Amino acid sequence: MSVRVRFAPSPTGFLHIGGLRTALYNYLFARHHGGTFVLRIEDTDQTRYVEGAEDDIIRSLEWAGMTIDEGPNKPGEVGPYRQSERKAMYLDYAKQLIESGNAYYAFDTPEEIDEMRERLKASGNPSPSYDSITRQSMKNSLTLPKDEVERRLAAGDDYVVRLKVPRRETVKFEDLIRGVVSFETAGLDDQVLMKSDGMPTYHLANVVDDHTMGITHVIRGEEWLSSAPKHMLLYKAFGWEPPTMAHLPLIMSPSGGKLSKRKAESEGIPVNTKDYIAGNYEPEALVNFLAYLGWSPGDDSEIHSLQELCELFTLDRVSKGGAVFNHKKLMWYNEHYIRETSVADLAPRVKTLAEEAGLDTKSDEYLNTVIELLHERVSKVDEFVAMGSFFFETPSEYDENALKKWKEDSPAMVAAYKAKIEVLSDDEFKAAALKTALEETVAENEVGFGKVMMPVRIATTGQGFGPDLFPALELMGKDEVLSRIDTALERLR
RNA sequence: GCCGCGUUCGUCUAGGGGUCCAGGACGCCGCCCUUUCACGGCGGUAGCACGGGUUCAAAUCCCGUACGCGGUACCA
C-alpha cells in the first residue's frame, strides 16, 4: 500500500512555525516513501475561522518548497479537502455509531452540564466529566424514554452526539515515535462527536476523513497524543483499520513551554511563517533548521537541501523530547545559504529591497560589486541594504560607536590622505593605488595603519566597520569620495 | 488534582550494555589570519536529572523520585 499522509491545519490564523514543521515532517515522510502529501483544511469551528488563513497556509507551504499533491487548491479523488464542504457525510457516520451502540444523542444544555460539573466539584471530584458514570444522570438517549428522544429530535431540539466510551478498557496502540502507548478508558470522557450546530468535532471529522481519504500515517504534534485513544476507539467502533500513528515532539520556547505567539515574540522569535517570508529569511535555511529541530540523520552532517532531507528522513530518528527553538542557529543556517547563493541570484532581491528603502542601486554592475564586497559579512539578504546603504547614498550621519575611533589627529590624517588621492585621475582611482596612497600617508606621518584607515572609513562610509575599504572607495568613485571627505572634515572637526 | 509523554554540554543532537574519563553543530571564550567588521583556520569551555536495582560491565535495561511538557471544551 502506498503511503498517504496529510497536513491538516485549521484555518484559525496564520500558519505557525510549529505547524510548518509538522507539515515538513509529513512532506519528507511522503517523499521518502514515494507517497502522497495531502492538505486538508479542518474548518469545523466556524467561530474561529479566519478569512485568508487558508491562502496563507498554502502560500507558506509553497514558499518552503513543499508541493501539495492533493488539497483544496489541487483536488484529487478523495475530495473535497475542506471539512466544511464534507459536512453532510459526518452525520451519517455519527448515526452509524449510534445504531451500533457506540454513540448516543445528548440533549443537555451547556448550563446543565456546568451544573453537573459544579455539583461534582463541590462533592470532591476535581475534574468532573461527562462519562460512563455521569451520563446516567444526564438527558440523553441512554436515559430518556425512546419516544421522548424521538419527540425531541423531531421537534428540532438542540442535541449533540457523544461517543459512548466503554467503562473499563485499556486502549493500546503503537506510536512510531514513542513506542507502545497505553490509556485507560476510565480517564476518558464521552467526547462530543457532532456539535449542536451540525458540525462534527475534530475527533469525528479527523477519523472519518483520515479513513475515507486513505491516510496511512498520521503524523501530528504531541498535543494530540492525549486524544489519540478516543480516535482509536472510533476506528474500532467503525470497524476500520486505524492508520499508523506518530506524535511529534513540540517546539518549545527558550523560556520553556509551547512556543506560543506571545512568548516567542517577546523573545524575538517570529512565530508565523509569513513573518519569515516578510523578514527575508531563506526558505532553505528555515527548512533545514526545522528539519533538525527534533530529528537528525544520525551522522555529523548539518546542511541538507529539501531534496536531500527527503532521502534521509525517517520517523524512527525523530526525538521524543521537546526541542527549544534556537534563533541563533537559524541565523547560522541563513548565513550559510546566503553564502551559497550566487551574486546573480542575490542581485534582483537586493535591488528590490533597496528600492523599497528608497535607495538607488545605480547600475547592475555597481550593485553586483556591492554584493560581492558584502557577501561574506551578511547573514540575511536585507542586511545588504542595511550594511551597504552608504554605497547608494551619502551617509547623513556618523555611527556613534565609530565616532569613538575618531581622534584628535584624525582630521589631519584624513586631509593628508585626501591630498594623496585627489591628484589621481579617474582612471587611476583604483583599489591598489588607493591602498598605496594610504600606506604612504601612514609612513610619512609615522603612525599606525589604523590611525589613517579608520578615520577615512568613518568619513566615507559613516561606519566603523564594513567591507574592504579600498575596493569600496574605488566603487564609490573619486568625486563622491572626495566630497564625502570634505563633508566629514567640516562636520567632524 | 487526574491522565499521558518526556529528561545526554546553555541550545539542537550522536550514542541503544563493553570500542564513551561521551562525538558533532550552534553559542560563548582564546589564538592565528587581517586595514575595521566579518569570513576562514586552530584550540578551549560545558552534559549522561537524582536514587535504587539487574549485570563481570549501564548514558544505554528495570523500578522509584524529581523536574519539564502536553491533555483534561459543543477549540483544533
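Below, chains carry the letters A, B, ... as their sequence lines are ordered, and counting in each starts from 1. Keep in mind that what you see is a predicted model, and the values were worked out from it rather than measured.
Going from the C1' atom of B/C33 to that of B/G43 covers 15 Å, rounded to whole Å. B/C62 and B/G16 are spaced 15 Å apart, taking the P atom of each and rounding to whole Å. Look at the P atom in both B/U45 and B/C37: the space between them is 26 Å, to the nearest Å. Atom name P, nucleotides B/G64 and B/C3: the rounded distance is 13 Å, in whole Å. Spacing of P atoms, B/U11 relative to B/C48, comes out at 12 Å, to the nearest Å. Using atom P as the reference point in both B/G17 and B/U60, the two lie 11 Å apart (nearest Å). Spacing of P atoms, B/C50 relative to B/U55, comes out at 23 Å, to the nearest Å. B/G18 and B/U13: their P atoms are spaced 23 Å apart (whole Å).
Between A/Q191 and A/T201, the side chains place no donor N or O within less than 3.5 Å of an acceptor N or O (distance only, hydrogens not considered). Side chains of A/D209 and A/Y90: a donor-acceptor N/O pair is present below 3.5 angstrom, by distance only.
By the rule that a glycosidic angle within 90° of 0 means syn, B/C39 counts as syn.
A/M199 comes within 4.0 angstrom of nothing in the nucleic acid, heavy atoms only. Base contact: A/P467 has a heavy atom under 4.0 Å from a base atom. No contact: A/T12 has no heavy atom under 4.0 Å from any strand. Here A/R317 lies in heavy-atom contact (under 4.0 Å) with sugar-phosphate atoms only. Within the 4.0 angstrom heavy-atom criterion, base atoms lie near A/D108. As judged by a 4.0 angstrom heavy-atom cut-off over every strand, A/T44 is placed among residues touching the sugar-phosphate backbone only.
Taking atom CG on A/D316 and atom C1' on B/G16, their separation rounds to 12 Å, with Å as the unit. The distance from atom CG of A/D157 to atom P of B/C74 is 19 Å, rounded to the nearest whole Å. Spacing between atom CE of A/M252 and atom C1' of B/C69 amounts to 5 Å, rounded to whole angstrom units. Distance NE2 (A/H203) to P (B/C75): 9 Å, rounded to an integer number of Å. Rounded to whole Å, atom P of B/A76 lies 18 Å from atom CG of A/L15. The separation between A/D131 atom CG and B/G71 atom P is 21 Å, rounded to whole Å. As rounded to whole Å, 9 Å separates atom C1' of B/U36 from atom CD1 of A/I458. Distance CG (A/D43) to C1' (B/C75): 13 Å, rounded to an integer number of Å.
The pair A/D56-A/K274 does not meet the salt-bridge criterion, since no charged nitrogen lies less than 4.0 angstrom from a carboxylate oxygen. Taking 4.0 Å as the cut-off between side-chain N and carboxylate O, A/E302 and A/K329 count as a salt-bridged pair. Salt bridge status for A/R162 with A/D189: absent, with no side-chain N to carboxylate O gap under 4.0 Å. A salt bridge links A/R152 to A/D157: at least one charged side-chain nitrogen sits closer than 4.0 Å to a carboxylate oxygen. Taking 4.0 Å as the cut-off between side-chain N and carboxylate O, A/R119 and A/E115 do not count as a salt-bridged pair. Remark: A/K407 does not engage A/D409 in a salt bridge, criterion side-chain N to carboxylate O under 4.0 Å. Ion pairing between A/E85 and A/R82 holds under the 4.0 Å rule for side-chain N and carboxylate O.
Taking every side-chain heavy atom of A/S196 into account, B/C74 is the closest of B/U35, B/C74, B/U36. In the set B/A76, B/A73, B/U36, B/A73 carries the atom at the smallest distance from any side-chain atom of A/D189. Out of B/A76, B/U35, B/A73, the shortest distance to the side chain of A/R117 is found at B/A73.
Side-chain to base pairing of A/D468 with B/U35: one donor and one acceptor N or O lie within less than 3.5 Å of each other.
Contact between A/A23 and A/L61 at its shortest, heavy atoms only, is CB-CD2, 3.6 Å. Across A/P254 and A/V324, no two heavy atoms sit closer than the pair CA-CG1, 3.5 Å.
Taking 4.0 angstrom as the limit, A/K195 places a side-chain polar atom (N or O) nearer than this to OP1 or OP2 of B/C75. One finds a side-chain N or O of A/K258 lying less than 4.0 angstrom from the OP1 or OP2 phosphate oxygen of B/G71. Considering only side-chain N and O atoms, A/S296 lies under 4.0 angstrom from the phosphate OP1 or OP2 of B/A14. Checking the phosphate oxygens (OP1, OP2) of B/U35, no side-chain nitrogen or oxygen of A/R457 falls inside 4.0 Å.
Summarising the base pairing, B/A38 is matched to no nucleotide, lacking a Watson-Crick or G-U wobble pair whose two defining distances lie under 3.5 Å. When Watson-Crick and G-U wobble pairs are counted only if both distances are under 3.5 Å, B/U19 pairs with no nucleotide at all. Pairing for B/G64 goes to B/C50, judged as Watson-Crick or G-U wobble with the two contacts each under 3.5 Å. Nucleotide B/G71: paired with B/C2 (Watson-Crick or G-U wobble, both distances less than 3.5 Å). Figure legend. B/C33 is base-paired to no nucleotide; pairs are counted as Watson-Crick or G-U wobble with both atom distances under 3.5 Å. Pairing partner, B/C28: B/G44, with both Watson-Crick or wobble hydrogen-bond distances short of 3.5 Å.
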Atom pairs, N/O to N/O, protein against nucleotides 38-41 of chain B, distance under 3.5 Å?
from  : atom 1 : to     : atom 2 : distance (Å)
B/A38 : O2'    : A/E376 : O      : 3.2
B/C39 : O2'    : A/E376 : OE1    : 2.9

When you compare the protein's N or O atoms with those of nucleotides 5-12 of chain B, which come within less than 3.5 Å of each other, and at what distance?
from  : atom 1 : to     : atom 2 : distance (Å)
B/C5  : O2'    : A/R178 : NH1    : 2.6
B/C5  : O2'    : A/E222 : OE2    : 3.0
B/C12 : OP1    : A/V324 : N      : 3.0
B/C12 : O2'    : A/Y292 : O      : 2.8

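Residues A/L492 and A/S410 are not in side-chain contact: their nearest non-hydrogen atoms beyond the backbone lie 4.5 Å or more apart.
Of the two residues near RNA chain B, A/G187 and A/S226, the one whose nearest nucleotide lies more 5' is A/G187. Of the residues near RNA chain B, A/P249 and A/L469, the one whose nearest nucleotide (by heavy atom distance) lies more toward the 5' end is A/P249.
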**Study point:** Worked verdict on A/F325 versus A/F289 for ring-ring contact (aromatic ring centres under 6.0 Å, His included)
**Key:** CA-CA 9 Å; A/F325 191 102; A/F289 168 73; 5.0 Å; yes

